[in-house]
Amino acid sequence: MKSLYREQLATMNPYIPGKPIEEVKKEYGIEEIEKLASNENPLGPSPMAIDAIKNEVENIHIYPDAAAIKLRTTIAENCGLEYENVIVGNGGEQILSIVAQTFINDGDEAIMAKTTFGLYGSSVHHMGGVPVKIPLKKYAHDIDNMINSITEKTKLIYICNPNNPTGNITSREDIDRFIKKIPNNIIVIFDEAYYDYAKVNPEYPESLNILKDRPNTIILRTFSKVAGIAGVRIGYALSSKEIVKEMGKVKGVFNVNKLAQVAAIGALGDKEHINKTVELNYKSMALMKEYFESKGFEYINSNSNFIFVNVKRSSQDIFEELMKKGVIIRPGHLWNWNNWIRVSTGTIEQTKKFIECFDEIR
Ligand SMILES: *Cc1c(COP(=O)(O)O)cnc(C)c1O
């Protein structure tokens, strides 16, 4: 019998979210929980974003600006573009759905790393496309294999830079070599959710320069990580005016709410909060690296706000044992890396608590 549902749903699984803090507290009877599972900002939201929301809250009886002109203009000014080069979404997540909806016809192929952000594959599959997943090489995007996998059907190539969950960057040198080999009619998507953390590494490529020469490029960024406003859902993409126009046809009319629009403008102006966040990130990261090195645990060099480490045991067991002690991490089995865990950087106190608890159960 014909299925009631869109046929792709039969082969799709629901996303497994991290457990909410309140639920863990109840289930395990613990008071203090440190959530180092979702790469949120341990310093909290940008104070300028909070102020902006407070000032706007009286106006929520009015629909938001569907075109989000003020926000798009502010973003554009920040990166030397025009507002027509910017599309905003209900989180970077929505931007990724819009990308698939804009480009993928039945049977189109999209190349991506095998171990990367799960939404690339699921959004492409949902639209009837075929995700072509290339295994990592030495824990990094295998650029050459990705190039060699291009066929007549290739529409999109995703580069998660830095990559989630591994945290490492693809260097400018590799990206330059890659981009020269990609036909102009293929869309290259750089997911730069961790841009502000990554750009302190001199090897990190400036993808805006690529966009200037190569219009079929999309750069994705978000306010969920460094800006600390994951809860209001706002992310954006930078691309050619033509691509932004086409993506705008499927974005949903009022896709970014009024509070998110003003919060994002506030956060963009809050350089102090960004700097503090990045500084804390690398301090916490250094504590974890030092600990892992001293105990002989292999980790991947990260320019994100999390670290991926080989714990040499079942990640599910480690996950549960840490949870009982009040620390939530992301177990690697979700990516079929069964002995690895992903840990977000916390405050110094949170990070020390993770290290202490991990040391007790390892
Ligand atoms: C967090 C993240 C995003 C976007 O998250 P949103 O909260 O939806 O903006 C996109 N890509 C990667 C790799 C991420 O880690």
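Predicted model, so just to flag it, every value in this text is computed and none were measured. Indexing begins at 1, ligand by ligand and atom by atom, following the structure's order.
- Contact residues of ligand 1 (protein heavy atom closer than 4.0 angstrom to a ligand atom; sorted by chain and number): G91, G92, E93, F117, C160, N164, D191, A193, Y194, T222, S224, K225, R233.
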Decide yes or no on ring-ring contact (aromatic ring centres under 6.0 Å, His included) for Y194 and Y204, but give the supporting numbers first. CA-CA 11 Å; Y194 303 94; Y204 188 63; over 10 Å; no
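- Cation-pi check for R342 over F308 is not met; the charged atom does not lie both under 6.0 angstrom from the ring centroid and within 45 degrees of its normal.
- Using cut-offs of 30° and 60° on the angle between ring planes, the pair F292 and Y299 is tilted.
- Applying the side-chain hydrogen bond (donor to acceptor under 3.5 Å, both in side chains) rule to E84 yields no partners; only residues at least two apart in sequence or on another chain are considered.
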ring-ring contact (aromatic ring centres under 6.0 Å, His included) assessment of F223 paired with Y236: CA-CA 8 Å; F223 289 92; Y236 61 97; 5.6 Å; yes
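- Ring-plane geometry between W337 and Y139 is classed as tilted, the angle between the planes lying from 30 to 60 degrees on a 0 to 90 degree scale.
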